[in-house]
Amino acid sequence: MTRPKVVLVGGIYHADAEKVLRAAADVVALANPTPAEVAVALASAHGAIVRYPHRVDAAALAGAHKLVIVASSGRGTDSIDVAACTAHGVVVANNPGLGTVPVSEHAIAMMLSLSRRLELSDRAVRAGGAWAKRTDFDIRDVSGRTLGIIGLGLIGSEMARKCIAAFGMKVLAYDPHVPAAKAEALGATMLTDLNELLERSDVVSIHAELNEGSRGMIGEAQLQRMQPHALLINTARGKIVQQKALVRALAEGRIAGAALDVFEEEPLPEPSPLWDLNDLILTPHVAGLSGDALRELAHSAVKQVLQVLAGETPRSLVNPGAWTAAMARRSGAA
């Protein structure tokens, strides 16, 4: 293949990785593109890296006759229409495992902040008179409590391991795609009923992938199953939780608090009903974006794009069924 063209849809996480890519390819960087701009850029591209929440969908692929590889900037592939890529003969790569440590640490930080009422205490000190109110903060320990984990993949497993080791928490898990033996090996208990997990947990932490089975899985009925003192944490994908239902549950005091790093719509529209809620922590989808993770994710994505463009199999091929067609297309572009 002659010098390839690679499109960065939404940019790339680390400048060093972009330098590596530019040394081997002609790069088009689209900072905040419209769908139409993505389609135009892909029409002459051989590869692409897409950063959530931007998308590469069937419409963008329709005119991308040279495209061989689309890589996710992170672990998730919900910003890429994998089925459309496969039908179009385009391979998809992602970067599993690199967000495991930072996302699990972020979820634990959220759990501790909610339990220890750190934001409430901070506001009270700044407002004055905090020492007279110290016993009114309803501070809770997490040690020995029950943690319910929805999604026992790499991040969910790391969350379970850390919370058992550090806090002696009892961990329940719900994941219809994972055998019970995996939970047992971690020291957790696998449940087959999501409602049971919600009813028994003091803290519920979501680590599931977004798919048709998980989309909207936490709604009004599920929130009603949770205990009044329970906390909900979501560092996975915003569309797993029905946001209006969560707003009602918090406003009515049906659960004690929540922490969200992800939202149904990103960026979060301003103003948002979430702003008016107490006992709610909001962060802008940064759980996996520690400095170390950003560098590793960017280099992983770049390496896999360059591997495929050189005819080599990447480390994390999402749709192997597209490989033969993609290599034929690559050979045609050589």
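Because the structure is a prediction, the values reported are computed rather than measured. For reference, positions follow the sequence shown, starting with 1.
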**Q** Scan for ring-ring contact (aromatic ring centres under 6.0 Å, His included) pairs involving residues 279-332, sequence neighbours excluded, and state none if there are none.
**A**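 Only Tyr52-His285 qualify under ring-ring contact (aromatic ring centres under 6.0 Å, His included).
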**Q** For Glu119 and Ser113, which heavy atoms make the closest approach, and how far apart are they?
**A**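 Nearest pair, atom of Glu119 first, then Ser113: CG-OG, 4.3 Å.
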**Q** How would you list, by chain and number, every residue that makes a salt bridge (charged side-chain N to carboxylate O under 4.0 Å, His left out) with Arg315, sequence neighbours excluded?
**A**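 Arg315 satisfies salt bridge (charged side-chain N to carboxylate O under 4.0 Å, His left out) with no other residue.
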**Q** Quick one, Lys244 and Glu264 - any side-chain contact, counting heavy atoms below 4.5 Å?
**A**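 Lys244 vs Glu264: side chains apart.
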**Q** Is it true that Met159 and Val178 fall in one hydrophobic cluster, defined by side-chain heavy atoms closer than 4.5 Å?
**A**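 Result: yes, single cluster for both.
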**Q** Check this for me: does any side-chain nitrogen of one of Arg140 and Asp138 sit under 4.0 Å from a carboxylate oxygen of the other?
**A** yes
**Q** Side chain to side chain contact (heavy atoms under 4.5 Å, CB included) for Leu30 and Leu8? Distances and angles first, verdict last.
**A** CA-CA 6 Å; Leu30 305 177; Leu8 302 179; over 6 Å; no
**Q** Can you tell me how far apart CD (Glu158) and OG (Ser104) are? Round to the nearest 0.5 Å.
**A** 4.5 Å
**Q** Mind running side chain to side chain contact (heavy atoms under 4.5 Å, CB included) on Val6 and His46 for me, showing each step along the way?
**A** CA-CA 6 Å; Val6 177; His46 303 94; 5.8 Å; no
**Q** Rounded to the nearest 0.5 Å, how far apart are CG of Leu306 and CD1 of Ile69?
**A** 10.0 Å
**Q** Return the set of residues passing side chain to side chain contact (heavy atoms under 4.5 Å, CB included) with Thr189 (not counting sequence neighbours), or none when no residue passes.
**A**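 Counting only residues at least two positions away or on another chain, Thr189 forms a side chain to side chain contact (heavy atoms under 4.5 Å, CB included) with Leu172, Leu191.
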**Q** Any side-chain heavy-atom pair from Val171 and Leu186 closer than 4.5 angstrom?
**A**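 Side-chain contact under 4.5 Å: no.
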**Q** Verify side chain to side chain contact (heavy atoms under 4.5 Å, CB included) between Ser73 and Leu297, making sure each step is shown before the conclusion.
**A** CA-CA 7 Å; Ser73 63; Leu297 287 167; over 6 Å; no
**Q** Quick test of your reading: applying side-chain hydrogen bond (donor to acceptor under 3.5 Å, both in side chains), list the pairs with at least one residue in residues 91-101, sequence neighbours left out, ordered by first then second residue.
**A** Asn94-Ser316, Asn95-Ser300, Asn95-Gln304
**Q** Could you give the side-chain donor-acceptor pairs of residues 277-284 under 3.5 Å, partners two or more places apart or in another chain?
**A**
from	atom 1	to	atom 2	distance (Å)
Asp279	OD1	Arg117	NH2	2.7
Thr283	OG1	His106	NE2	3.1
Thr283	OG1	Asp261	OD1	2.6

**Q** If the condition is salt bridge (charged side-chain N to carboxylate O under 4.0 Å, His left out), which residues does Glu220 pass it with, not counting sequence neighbours?
**A**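 Salt bridge (charged side-chain N to carboxylate O under 4.0 Å, His left out) list for Glu220, sorted by chain: Arg248, Arg254.
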**Q** Rounded to the nearest 0.5 Å, what's the gap from CE on Met190 to CG on Leu197? Could you check?
**A**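 Nearest 0.5 Å value for the CE-CG distance: 10.0 Å.
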**Q** State which residues pass side chain to side chain contact (heavy atoms under 4.5 Å, CB included) with Ala298; sequence neighbours excluded, sorted by chain then number.
**A** Ile12, Tyr13, His14, Ala17
**Q** Could you tell me if the side chain of Leu210 sits less than 4.5 Å from the side chain of Arg215, heavy atoms only?
**A** yes
**Q** Hey, is CH2 on Trp131 packed in by over 12 heavy atoms from elsewhere, all under 6.0 Å?
**A** no
**Q** To the nearest 0.5 Å, tell me how far Ile240 CD1 sits from Ile218 CD1.
**A** 8.5 Å
**Q** I need the minimum non-hydrogen distance between Leu317 and Pro320, along with the two atoms involved.
**A**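 Leu317 and Pro320 have their closest heavy atoms at CD2-CA, 3.6 Å.
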**Q** Using a 6.0 Å cut-off, check whether atom CD of Glu209 has over 12 heavy atoms from anything other than its own residue.
**A**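 Result for CD/Glu209: open.
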**Q** For a quick check under 3.5 Å, do Lys5 and Ser44 share a side-chain donor-acceptor pair by atom type?
**A**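 A donor-acceptor contact under 3.5 Å links the two side chains.
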**Q** Enumerate, atom names and distances included, each donor-acceptor pair closer than 3.5 Å involving a side-chain atom of residues 226-236, sequence neighbours excluded.
**A**
from	atom 1	to	atom 2	distance (Å)
Gln227	NE2	Glu199	O	3.2
Gln227	NE2	Ser201	O	3.3
His229	NE2	Asp202	OD1	2.6
Asn234	OD1	Ala236	N	3.0
Asn234	ND2	Arg237	O	3.1

**Q** May I ask you to say whether Arg145 pairs ionically with Asp141, meaning some side-chain N is under 4.0 Å from a carboxylate O?
**A** no
**Q** Assess whether side chain to side chain contact (heavy atoms under 4.5 Å, CB included) is satisfied between Leu61 and Cys85, documenting all intermediate values.
**A** CA-CA 7 Å; Leu61 292 166; Cys85 282; 3.7 Å; yes
**Q** Any side-chain heavy atom of Gln243 within less than 4.5 Å of one from Leu274?
**A**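 Gln243 reaches Leu274 side chain to side chain.
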**Q** Say you draw a straight line from CZ of Arg225 to CG of Asn195; how long is it, rounded to the nearest 0.5 Å?
**A** 4.0 Å
**Q** Hey, any chance Val7 and Val27 share a hydrophobic cluster, counting ILVMFWY side chains that come within less than 4.5 Å of each other, even indirectly?
**A**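 No.
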**Q** Any non-hydrogen side-chain atom of Arg134 less than 4.5 Å from a side-chain atom of Ser121?
**A** no
**Q** Please list all pairs passing the salt bridge (Lys or Arg N to Asp or Glu O under 4.0 Å) test where one or both residues lie in residues 171-195, with sequence neighbours left out.
**A** none
**Q** Do Ile80 and Ser72 come close enough that some side-chain heavy atom pair is under 4.5 Å?
**A**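 Side-chain contact under 4.5 Å: yes.
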**Q** To the nearest 0.5 Å, tell me how far His88 NE2 sits from Asp81 CG.
**A** 11.5 Å
**Q** Mind checking whether Ile206 and Val286 sit in one hydrophobic cluster, side chains of I, L, V, M, F, W, Y counted as touching below 4.5 Å?
**A**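 No, separate clusters.
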**Q** How close do Leu223 and Ala249 get, counting heavy atoms only, and between which atoms?
**A**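 Taking every non-hydrogen atom into account, CD1-CB, 4.1 Å.
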**Q** Only distances under 3.5 Å count here; give the side-chain donor-acceptor pairs of residues 146-154 to other protein atoms, sequence neighbours excluded, each with its distance to 0.1 Å.
**A**
none

**Q** Closest heavy-atom contact between Gly219 and Ala245?
**A** C-CB, 3.9 Å
**Q** Is there a side-chain contact between Val90 and Arg329, using heavy atoms and a 4.5 Å cut-off?
**A**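 Yes, at least one pair of side-chain atoms sits under 4.5 Å.
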**Q** Taking only residues two or more places apart in sequence, or in another chain, which ones meet Thr34 in a side chain to side chain contact (heavy atoms under 4.5 Å, CB included)?
**A**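 With sequence neighbours excluded, Thr34 shows a side chain to side chain contact (heavy atoms under 4.5 Å, CB included) to Ala36, Glu37, given in chain and number order.
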**Q** Please tell me whether Leu260 and Val247 are part of a single hydrophobic cluster in this structure, the criterion being side-chain heavy atoms less than 4.5 Å apart.
**A**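 Both belong to a single hydrophobic cluster.
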**Q** Considering all heavy atoms of both residues, which atom of Pro102 and which atom of Ala293 are nearest to each other, and what is their separation?
**A**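 Pro102 and Ala293 have their closest heavy atoms at CG-CB, 3.8 Å.
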**Q** With the 4.5 Å side-chain cut-off for hydrophobic clustering, are Val38 and Val92 part of the same group?
**A**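 Yes; Val92 is reachable from Val38 via cluster members.
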**Q** Give the minimum heavy-atom separation between Arg3 and Ala23, together with the two atoms involved.
**A** NH1-O, 3.4 Å
**Q** Flag the pair His54 / Pro33 as yes when at least one side-chain heavy-atom distance between them is below 4.5 Å, and no otherwise.
**A** yes
**Q** Among pairs that include at least one residue of residues 163-205, which meet ring-ring contact (aromatic ring centres under 6.0 Å, His included), considering only residues two or more places apart or in two chains?
**A** none
